[in-house]
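Each remark here refers to the structure printed beneath this line.
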Amino acid sequence: MAGTRALCFRSAAVSARQVAQLQQCRRQPRPSVAAAAAASGGAPADPAEERMRAAAAFAADTFVRDEITIGLGTGQPVNALIEEVASRLSAGKLRAVRAVPASDVAAAEAALHGVPLTTLEEAGGRLDFFFEAADELSNDAEGSLAFMIGCAQQPTQPQLHRARALAAAATTNVVLADATAVVPRLGGSLPVAVEEEAWEDSGELLDDIFLGDAELWRRSTEEGVGPRGGDAPYVSPEGHALIDIRFYEGLKLLGEDADYGSIAREIESVEGVVAHGLMANVAAAAVVATAAGPRLVWRGEQLAAGAGRGGSLGEA
């Protein structure tokens with residue numbers, strides 16, 4: 001594929017067998033922040049972990065109720081929510097909550113803490129909520145709540161098609177993010193899953209769309225390899241390759257800061273594209289973990305304004 005290069009990673013996917021093994025373990029939620037501090041002789045908890053847990057408790061208070069089915073995405077903010085839900089189920093403060101994981105990693109985390117798992121099919125194809133963690137969350141004037149997932153190269157590969165299926169099945173999508181993930185304009189590396197057999201054709205079409213705005217890299221299972229993924233390019237169990245669109249600045253289309261929905265539609269128009277990590281027009285609400293406490297923002301509200309502070313959330 002002309003003009004393409006390859007990003008590298010080490011694959012450490014959680015297998016179904018590992019999930020089953022975790023389900024056989026004793027499932028006890030991790031101690032609360034206060035309990036952890038007491039156990040360590042009163043030493044202060046890690047600030048990032050503390051604000052993440054506070055945001056998880058807030059999200060559970062706001063959205064999670066008895067007898068619902070939720071979708072669980074991948075990332076530390078969702079892991080904190082899993083722990084919170086597990087703790088409440090164990091204490092009898094919640095009942096009959098089931099979860100559909102969007103990845104093997106989410107399944108393992110939920111199984112470890114004892115959150116009952118189900119499938120989207122068993123849930124009748126619908127979820128009450130889908131909670132996903134943002135690698136980046138846009139703080140734009142329109143209050144789009146657009147966000148990106150699957151950007152990180154390690155330790156596991158994103159299962160983008162599963163996350164998008166749960167997002168489409170949810171009555172309400174909620175994005176969870178740390179304040180450090182909030183940015184004025186989304187940028188960096190945007191992952192796109194394509195059919196592996198024709199990945200070069202799909203890549204060339206994507207390269208044409210974003211010519212001058214980004215370069216394309218194929219992910220590999222090795223480090224330090226060439227632009228096409230070396231001798232062991234990543235292929236998912238479903239037969240998908242991952243191509244990263246690495247934007248030089250923020251996400252752009254034809255050199256302009258196009259709206260995120262337009263960028264997403266251009267990607268989806270390419271033959272062979274299975275899924276991508278740009279979640280535009282998806283989230284109805286965001287819960288952002290900041291040093292000043294959790295912030296709830298609804299779509300249409302600018303993040304900083306919705307938080308009731310004049311400064312950037314990323315500085316909170």
Side-chain angles (χ1 to χ4, degrees), residues 7-30 48-49 52-53 55-56 59 69-87 97-120 123 127 129-137 147-167 169-170 173-178 181 189-193 219-221 234-242 244 274-277 279 282 289:
L7 287 175
C8 309
F9 65 92
R10 288 188 182 275
S11 179
V14 177
S15 68
R17 181 179 180 182
Q18 288 172 306
V19 173
Q21 289 172 340
L22 283 167
Q23 289 175 322
Q24 299 302 317
C25 298
R26 294 185 60 188
R27 307 178 179 100
Q28 295 183 351
R30 296 176 192 171
E49 183 177 355
M52 203 77 72
R53 291 190 180 188
T69 304
I70 60 176
L72 298 173
T74 308
Q76 289 304 316
V78 175
N79 290 349
L81 179 66
I82 290 172
E83 292 185 36
E84 183 65 30
V85 170
S87 177
V97 174
R98 301 182 301 166
V100 179
S103 67
D104 293 341
V105 174
E109 190 74 17
L112 177 65
H113 293 287
V115 176
L117 295 175
T118 186
T119 65
L120 189 57
L127 302 173
F129 296 95
F130 177 49
F131 297 95
E132 182 59 283
D135 291 328
E136 286 193 357
L137 173 62
F147 63 101
M148 290 168 57
I149 63 172
C151 303
Q153 304 299 302
Q154 299 181 16
T156 60
Q157 294 307 324
Q159 295 171 287
L160 300 173
H161 63 291
R162 289 175 60 178
R164 298 202 76 91
L166 296 196
N173 280 269
V174 181
V175 56
L176 308 177
D178 188 70
S189 178
L190 174 63
V192 180
R219 294 197 191 183
S220 173
T221 57
Y234 174 74
V235 181
S236 76
E238 297 81 14
H240 305 157
L242 282 176
D244 285 295
V274 177
H276 58 82
M279 308 295 273
V282 171

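Quick note: numbers below take in every heavy atom, side chains included, and nothing from hydrogens, waters or symmetry partners.
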**Message:** Quick check: closest heavy atoms across A165 and L120, and the distance to 0.1 Å?
**Reply:** O-CD2, 4.4 Å
**Asked** What pair of heavy atoms forms the shortest contact from G73 to A106, and how long is it?
**Response** O-CB, 3.3 Å
**Prompt:** Considering all heavy atoms of both residues, which atom of A134 and which atom of A181 are nearest to each other, and what is their separation?
**Reply:** O-CB, 4.0 Å
**Message:** Working to the nearest 0.5 angstrom, can you tell me the gap between Q76 CD and L176 CG?
**Reply:** 12.0 Å
**Item:** E132 side-chain N/O to T74 backbone N/O, donor-acceptor pair under 3.5 Å
**Value:** yes
**Asked** Shortest non-hydrogen contact from A86 to V115?
**Response** CB-CG2, 3.8 Å
**Message:** What's the separation between atom CD in E238 and atom CZ in R162, rounded to the nearest 0.5 Å?
**Reply:** 7.5 Å
**Asked** What heavy-atom pair brings P191 and I149 nearest, and what distance separates the two atoms?
**Response** CG-O, 3.3 Å
**Item:** Taking every non-hydrogen atom, the tightest pair across A193 and L160
**Value:** N-CD1, 4.1 Å
**Prompt:** Taking C-beta and beyond as the side chain, do R164 and H276 meet within less than 4.5 Å on heavy atoms?
**Reply:** yes
**Fill in**
side chain to side chain contact (heavy atoms under 4.5 Å, CB included) with F130: of I70, L166, L72, T69, only one passes, and it is L166
**Request:** Please confirm whether the backbone N or O of G150 pairs with a side-chain atom of D135, one donor and one acceptor, at under 3.5 Å?
**Result:** yes
**Prompt:** Hey, are the side chains of P101 and Q159 touching, using non-hydrogen atoms and a 4.5 Å cut-off?
**Reply:** no
**Asked** What distance do E109 atom CD and L81 atom CG have between them, rounded to the nearest 0.5 Å?
**Response** 11.0 Å
**Backbone N/O of A167 and side chain of N173: donor-acceptor pair under 3.5 Å** = yes
